[in-house]
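Take a look at the structure below.
All chains are named by letter (A, B, ...) in the order of the sequence lines, taking the proteins before the strands, and each is independently numbered beginning at 1.
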Protein chains: 2
Amino acid sequence: MGVQTDLREKLISDYAKLSPQMQKAARYILDHPNDVALRSMRALARAANVPPSTVTRLMSAIGVETWRDFRDHYQDRLLDNPASYAQRARETQRTDNDSNRDAHLLESICRTEIDNISAAFSPDFVPHMITACEAIEDARQVFIVGSGAAYPAAFQFAYAYRLFCDNGVLVDGRSGAFGDELRGIGRRDILIAVGAKPYIRDTVRAVEYARSQHCPVIAVTDSDVSPIAVDARTTLVARDTSQSFFQSFTAALSVMQALVALLVARGGPKALQRIAAAEEQLAVFDTYLED
Amino acid sequence: MGVQTDLREKLISDYAKLSPQMQKAARYILDHPNDVALRSMRALARAANVPPSTVTRLMSAIGVETWRDFRDHYQDRLLDNPASYAQRARETQRTDNDSNRDAHLLESICRTEIDNISAAFSPDFVPHMITACEAIEDARQVFIVGSGAAYPAAFQFAYAYRLFCDNGVLVDGRSGAFGDELRGIGRRDILIAVGAKPYIRDTVRAVEYARSQHCPVIAVTDSDVSPIAVDARTTLVARDTSQSFFQSFTAALSVMQALVALLVARGGPKALQRIAAAEEQLAVFDTYLED
DNA sequence: AACCATGTGAAACATGTGTTTCGAAGAAAT
DNA sequence: ATTTCTTCGAAACACATGTTTCACATGGTT
């Protein structure tokens, strides 16, 4: 029985009693354990935005003699836990009892999610993404529609977009019917529609309505031939392959986030300025917890 | 420039052409690859019973600029940052002219997202996930709270959970204040709280209230020491590292989806049956588009 | 023999490392 | 207001690190 329990636990349990700066260091260590094993103390301190002395002090605060002891602990941990996917998969398959079936499922989910995202961000994807950006930048109003499981992705875009542009409209059917929210949509607007099979009727109808009003559509969907993608200005394909019964909208969410990031990057300092203003406003409303 | 294939191969193939002392160093490196990642060059030289200059010479003999490059390579291997990562990153960095900046950004976003998901599904994560499932299965009511950028993840879980269980409550502050929705929460319930830095006050307050009512909490957050995770029954850490200005809740969404998948898997055929019923109901309401 | 070529390790070097010290700044208590 | 007490970061420190330099040795070739 080791005298020292796991240093990570110690760090967590003592966290509340540490001084603010030490908390910053402790938090960085908890969030980036590999940095402890692989990088120098000073480098870690820099990354955590803390002077080196704080880290030394943290060591004695949690009862560790020297940084070296601490680092050795993390190095040992790194050597014991091979992070390799292949190795993990092999191990879980080797002992296929009941408790490991869950682990195997999670492993499989993880791989699928990564595959989906990788596929979404293929090189062919870039020009479509840029086209979408241009369309959004030129639009008078930006409507976003996504129902059911696709709603999170639509919401995410609308939420982030609102922070630096005020011409976004999330069409979620909450303020009355879909028709109300889409009123006045036209050729100078853009509709971003998110959805995968099984396609939700409301979403498809919104797309059809927009098309009838000559409003171009950006489709974030699971296939180039999805009903959402018919006659779309651009189609961003985000696979929803899932290990479970449900579709996975992880890739779609990721694409939406990437779209926002790209818009901000193209918007330059002006966009950043607006974001700063929005953040300040949120701070005024006491939305966030102070550190 | 030719991308370096695995340095280990290079070391083996050139072994015969090296001078005796360099062979001694090379042999030690081949036998103790982890020493390269974790120990210093001088320490490795001592262990190999060779002066430091020999190791430096070995570096240039195998065409590596500096010991640091060599060590980084071995560190990446230890972390199992698949070689394809580094390779893809270098390729995109290579063509870093102005026209490709967007492509580079997207590439970088993709890599970060994958990192986040990988980190979230680490092996240590499995037991926490199982604990969370058990807590949910035993709970009378399942409250889900997540504001701002975390809302998509919370919504996603609530939406999917509703398809096979009817004791889920999404606390979104829409039907009145947070307090109303949390009314009656107690020790037999469970609260799933999603949030990352900067922490939204309402979410933290919901967690504190739940705790004050002795209701256990499952925290899906960005750190073990997040205010949301204080005294939590289980903490599922989902990093939100992002290339853009915004946090990325992709990993959190993925974790929530995995939680649902696991619950269904553990629920067995009964859960599937309920899902089928729910789907049928949706079909009755003409929600989906028929093929 | 003299000569080059090559292999080698000790020492020098600038920089980086982990730790300690010290004084300032602020809060808490008297 | 004065005194503790804590927290903190800059600077100093002694040592380690990766690299380069240089002198010396060895062995082979003229």
Side-chain angles (χ1 to χ4, degrees), chain A residues 4 7 10-11 13-30 32-78 290-291, chain B residues 4 7 10-11 14-30 32-78 225:
Chain A
Q4 275 172 339
L7 287 179
K10 176 84 174 156
L11 223 39
S13 64
D14 289 8
Y15 183 80
K17 302 175 181 180
L18 297 173
S19 81
Q21 287 297 95
M22 288 194 202
Q23 284 192 353
K24 201 150 61 150
R27 165 153 184 159
Y28 186 89
I29 289 171
L30 287 169
H32 306 86
N34 289 335
D35 280 22
V36 177
L38 298 178
R39 306 183 62 193
S40 78
M41 188 219 93
R42 278 180 119 104
L44 181 132
R46 271 195 301 273
N49 200 22
V50 145
S53 35
T54 296
V55 179
T56 304
R57 277 195 271 264
L58 177 62
M59 293 301 98
S60 39
I62 61 172
V64 175
E65 268 302 317
T66 167
W67 164 260
R68 180 138 197 183
D69 298 342
F70 194 72
R71 166 157 92 178
D72 289 350
H73 190 90
Y74 274 78
Q75 289 192 343
D76 289 347
R77 221 182 63 87
L78 187 62
E290 79 289 353
D291 285 328
Chain B
Q4 282 288 354
L7 288 177
K10 178 83 175 156
L11 221 41
D14 289 8
Y15 186 80
K17 303 176 180 180
L18 296 172
S19 80
Q21 287 295 93
M22 289 195 200
Q23 285 190 354
K24 198 151 59 150
R27 154 129 207 182
Y28 186 89
I29 289 172
L30 288 169
H32 306 86
N34 289 334
D35 281 22
V36 177
L38 298 177
R39 305 185 63 190
S40 78
M41 188 218 98
R42 278 180 120 108
L44 181 133
R46 271 195 301 272
N49 201 22
V50 146
S53 35
T54 296
V55 179
T56 304
R57 277 196 271 265
L58 177 60
M59 293 300 100
S60 39
I62 62 172
V64 175
E65 268 301 317
T66 168
W67 162 261
R68 182 142 194 179
D69 297 342
F70 195 71
R71 166 160 90 177
D72 288 351
H73 192 89
Y74 275 78
Q75 290 192 346
D76 286 348
R77 277 195 74 80
L78 224 188
V225 292

Residues in side chain to side chain contact (heavy atoms under 4.5 Å, CB included) with [X], at least two apart?
X       : result
A:Ser13 : none
B:Ala61 : B:Leu18, B:Met22
A:Thr56 : A:Met41

Atom [atom1] of [X] to atom [atom2] of [N]: distance rounded to whole Å?
X       : N      : atom1 : atom2 : answer
B:Phe70 : D:dG18 : CZ    : P     : 13 Å
B:Arg71 : C:dG16 : CZ    : P     : 13 Å
B:Leu44 : D:dT17 : CG    : P     : 11 Å
B:Met59 : D:dT17 : CE    : C1'   : 15 Å
B:Asn49 : C:dG9  : CG    : C1'   : 12 Å
A:Arg39 : C:dT17 : CZ    : P     : 10 Å

### Task
Classify every nucleotide of nucleotides 7-16 of chain D by which part a protein heavy atom approaches to under 4.0 Å, writing B for the base, S for the sugar-phosphate alone and - for neither, in 5'-to-3' order.
SBBB------

### Task
Using the test salt bridge (Lys or Arg N to Asp or Glu O under 4.0 Å), find all partners of B:Asp69 that sit at least two apart in sequence or belong to another chain.
none

### Task
Just jot down the salt bridge (Lys or Arg N to Asp or Glu O under 4.0 Å) partners of B:Arg42, sequence neighbours excluded, or say none.
none

### Query
A:Thr54 versus A:Pro51: any side-chain heavy-atom pair under 4.5 Å?
yes

### Task
Sequence neighbours left out, what pairs pass ring-ring contact (aromatic ring centres under 6.0 Å, His included) with at least one residue falling in residues 39-69 of chain B?
B:Trp67-B:Phe70

### Task
Provide the full list of side-chain hydrogen bond (donor to acceptor under 3.5 Å, both in side chains) pairs with a residue in residues 20-30 of chain B, sequence neighbours left out, each pair given once.
B:Arg27-B:Asp31, B:Tyr28-B:Asp35

### Task
Kindly calculate the angle separating the two end axes of the helix from C:dA2-D:dT29 to C:dT30-D:dA1, each obtained from five base pairs, and round it to 10 degrees.
10°

